[in-house]
Amino acid sequence: MQTHPQMQEEELLEQAVAQLNAKLLGLILGLMLGIGLFIATIILVIKGGPDPGRHLGLLSQYFPGYDITVTGSFLGFGYAFGVGYAIGALIGAVYNRLAHT
């Protein structure tokens, strides 16, 4: 039994589209989290006050060296980027594995 050539092309296209690029997803999620934390920290630095960002400062429990300073914003970007990249890459890898079972 022969299959229609157009049908084979459609099936190949569906398989190609269904895959996620895990590294790209990790990069995008890492940038989003990193930039978000960087901006939040810089806003709190500009705002100033006696105890700026008391709650955001608790991230220092997970990110050693992070604090509400300009230096801390760059360090926080690095940590958040790493966490976001790892989560995005893991989500992409798990999705691809489950989608092709």
Side-chain angles (χ1 to χ4, degrees):
M1 179 173 191
Q2 290 183 338
T3 59
H4 196 270
Q6 185 178 4
M7 190 69 142
Q8 290 175 349
E9 289 178 18
E10 289 177 7
E11 290 174 2
L12 288 173
L13 183 62
E14 285 179 16
Q15 289 176 353
V17 171
Q19 277 191 330
L20 287 177
N21 186 338
K23 291 179 183 179
L24 182 61
L25 183 61
L27 180 68
I28 291 169
L29 191 58
L31 284 173
M32 287 175 53
L33 289 179
I35 291 170
L37 182 57
F38 179 84
I39 290 172
T41 305
I42 290 296
I43 288 172
L44 289 173
V45 168
I46 293 169
K47 179 182 171 186
D51 190 19
R54 181 174 43 160
H55 299 296
L56 194 60
L58 291 174
L59 281 176
S60 65
Q61 300 293 317
Y62 301 101
F63 301 158
Y66 173 76
D67 55 352
I68 309 298
T69 61
V70 174
T71 305
S73 67
F74 287 102
L75 189 60
F77 173 85
Y79 280 127
F81 177 83
V83 169
Y85 182 86
I87 291 171
L90 181 66
I91 289 171
V94 169
Y95 172 82
N96 287 336
R97 183 76 144 182
L98 293 175
H100 297 299
T101 56

Would you indicate whether the side-chain heavy atoms of [Y] and [X] approach each other to under 4.5 Å?
| X | Y | result |
| --- | --- | --- |
| D67 | L75 | no |
| V83 | Y62 | no |
| F77 | I35 | yes |

How long is the gap from [atom1] on [X] to [atom2] on [Y], to the nearest 0.5 Å?
| X | Y | atom1 | atom2 | answer |
| --- | --- | --- | --- | --- |
| N96 | L25 | CG | CG | 9.5 Å |
| I91 | L20 | CD1 | CG | 9.5 Å |
| L56 | L44 | CG | CG | 6.0 Å |
| I68 | K47 | CD1 | NZ | 11.0 Å |
| Y85 | L29 | OH | CG | 11.5 Å |
| I42 | F74 | CD1 | CZ | 6.5 Å |

Task: Within the 6.0 Å centroid threshold, strictly below: Y79 and Y66 - done: no
Task: Minimum heavy-atom distance between L37 and F63, given as atom pair plus value - done: CD2-CE1, 4.1 Å
Task: Under 3.5 Å: donor-acceptor pair, side chain of T69, backbone of G72 - done: yes
